[in-house]
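Working notes for the structure below.
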2 protein chains.
Amino acid sequence: MERKRSDTIAEALEGMILEGTFVDGERLDEVQLAERFSVSRTPLREALQRLALSGLVEQIPRRGVFVRQPGPVELVEMFEVMAELESVCARLAASRITDAALAEMRAVNVRCQRAVEAHDTDGYYYENERFHAILYRHSGNGFLEKECKRLFRRLTPFRRLQLRLRGRLRQSMAEHEAIVAALEAGDALAASDAIRRHVAVQGEKFHHLMSTLKSAAE
Amino acid sequence: MERKRSDTIAEALEGMILEGTFVDGERLDEVQLAERFSVSRTPLREALQRLALSGLVEQIPRRGVFVRQPGPVELVEMFEVMAELESVCARLAASRITDAALAEMRAVNVRCQRAVEAHDTDGYYYENERFHAILYRHSGNGFLEKECKRLFRRLTPFRRLQLRLRGRLRQSMAEHEAIVAALEAGDALAASDAIRRHVAVQGEKFHHLMSTLKSAAE
DNA sequence: GTCAATATTTTTGTATACAAAAGACGATCT
DNA sequence: AGATCGTCTTTTGTATACAAAAATATTGAC
């Protein structure tokens with residue numbers, strides 16, 4: 001199933017960075033990491049290059065690679081782009097989505113709601129991802145779908161944080177319901193607006209969270 | 001100035017693929033290419049990995065890398081996404097763009113027009129890129145700007161092809177004018193619609209071109 | 001002659017070895 | 001004492017060497 005060493009390492013490192021194992025700007029030592037993963041520098045370097053291309057680390061020639069956590073500004077920007085991309089998905093999907101897919105979205109929402117009530121955060125994350133993935137798929141544009149998944153994945157850790165705000169989970173569920181309703185009505189404008197706000201608000205909430213955390217630290 | 005071997009090689013290979021030096025599905029031989037670039041396999045493999053991540057080649061584990069030219073369907077999809085992204089840029093820029101930037105866009109358009117009249121295609125490509133780059137910049141969203149530039153770059157060779165259609169160049173210029181006019185009026189909707197069509201039409205023209213070429217070959 | 005199983009060759013993935021550049025440290029000169 | 005130059009170490013980038021997997025060729029049986 002697994003492809004090669006460098007793949008597993010890239011995945012592991014990606015997870016570690018996204019989880020905040022390293023502080024921003026920290027240099028990643030090749031030999032140290034190679035030792036830690038019990039591999040030579042070659043596959044490790046390949047993994048680092050991949051991270052560099054996906055923007056998780058910055059590679060400065062002859063200097064090394066440094067973890068690069070996006071700042072609050074960049075994060076809001078990323079959420080804004082995500083919101084717009086999903087908005088496009090919704091607009092396209094409004095006319096293209098099948099009844100079967102709509103039924104599945106409803107089913108996902110039900111499971112999502114159950115997860116909320118059971119305080120099963122992992123379950124919630126999973127169903128939430130399903131919800132969005134279905135939307136991407138039914139935009140009918142495979143390239144758009146891939147780009148959305150890429151960005152969605154990149155934003156995962158920050159979405160998680162923002163969800164810990166009081167009442168945010170319940171609010172998020174309500175937004176999901178509204179999106180499905182708009183799609184069922186075939187109302188492209190309403191659907192795209194609803195999801196744009198649904199995603200954009202995540203960025204805003206996150207920003208809010210960050211600034212409160214920052215001022216609390218002072 | 002240049003960073004390292006693998007960078008220059010990646011750039012060179014990228015150019016070769018985009019220019020169509022290799023046919024779709026062709027396997028890229030590591031040792032052969034390494035010899036050709038007078039380097040060892042190590043930097044060459046790094047270059048190939050980068051191409052794989054940007055989607056120009058597909059890397060099948062233990063099998064090798066194969067050039068992956070997007071088919072007509074995927075291309076239209078990519079142009080559609082580009083159109084939507086630029087549309088977002090225009091909508092945001094409509095309220096954020098400065099007078100200086102608008103003046104620059106006008107100036108670029110003038111130079112673009114001159115290039116058309118002088119049949120200076122390279123000049124046209126350059127000014128056209130400037131035009132779009134200014135728009136991206138004034139979306140005020142740095143992340144969006146980067147994503148747009150990435151996709152713009154990826155679509156370059158196909159834009160070039162489509163521009164060879166009769167009258168397309170002149171039409172494209174007119175569209176540029178309309179976009180600037182809408183931005184000057186601060187009309188977000190008009191600007192976003194205008195550029196969406198401006199880009200989407202490129203995909204359609206390209207698609208048209210491909211199908212005529214295909215039927216001509218039969 | 002064809003198919004299959006095995007041996008051979010190629011080719012990819014990984015490890016190690018080497019070279020060159022950057023950084024650290026200290027000695028020397030003003 | 002402070003700055004500058006030089007060397008020494010550390011670390012990245014590249015080359016080569018080796019291992020494992022896939023592709024290909026070869027041989028043998030039917």
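Since we're looking at a predicted model, the values are computed, not measured. The chains referred to below are lettered A, B, ... by the order of the sequence lines, with proteins before strands, and numbering in each begins at 1.
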Specify the separation, in whole Å, of atom [atom1] of [X] and atom [atom2] of [N].
{"X": "A:Leu44", "N": "D:dG13", "atom1": "CG", "atom2": "C1'", "value": "14 Å"}
{"X": "B:Glu46", "N": "D:dT12", "atom1": "CD", "atom2": "P", "value": "13 Å"}
{"X": "B:Glu30", "N": "D:dA22", "atom1": "CD", "atom2": "P", "value": "15 Å"}
{"X": "A:Asp7", "N": "C:dG13", "atom1": "CG", "atom2": "P", "value": "9 Å"}

Contact list for DNA chain D against residues 32-43 of chain B - heavy-atom distance below 4.0 Å:
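Output list: B:Val39, B:Ser40, B:Arg41, B:Thr42, B:Pro43.
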At a heavy-atom distance below 4.0 Å, what parts of residues 49-64 of chain B sit against DNA chain D?
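Of all residues in residues 49-64 of chain B, the ones placing a heavy atom under 4.0 Å from DNA chain D are B:Arg62, B:Arg63.
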Can you tell whether the side chains of [X] and [Y] come within less than 4.0 Å, N to carboxylate O?
{"X": "B:Arg153", "Y": "B:Glu14", "answer": "yes"}
{"X": "B:Arg114", "Y": "B:Asp120", "answer": "no"}
{"X": "B:Arg150", "Y": "B:Glu147", "answer": "yes"}

Between A:Ser192 and A:Arg91, do the side chains contain a donor N or O and an acceptor N or O under 3.5 Å apart?
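Judged by distance alone, the side chains do not pair up.
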Answer with yes or no whether the side chains of B:Thr156 and B:Tyr125 bring together a donor and an acceptor at under 3.5 Å.
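No - no donor-acceptor pair under 3.5 Å links their side chains.
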Does OP1 or OP2 of D:dT14 have a side-chain N or O of A:Arg45 closer than 4.0 Å?
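No, outside the criterion.
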Take the angle between the ring planes of A:His132 and A:Phe152 and call it parallel below 30°, perpendicular above 60°, tilted in between.
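Answer is tilted, since the angle falls between 30° and 60°.
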Heavy-atom side-chain proximity of A:Lys146 to A:Tyr136 below 4.5 angstrom:
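A side-chain contact is absent here, since even the closest heavy-atom pair is not under 4.5 Å.
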Find the distance between CZ (A:Arg130) and CZ (A:Arg137) and round it off to the nearest 0.5 Å.
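Here the rounded value is 9.0 Å.
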Categorize A:Arg5 for me: base, sugar-phosphate, or nothing, with a 4.0 angstrom heavy-atom threshold over every strand shown.
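Sugar-phosphate, backbone atoms only, no base.
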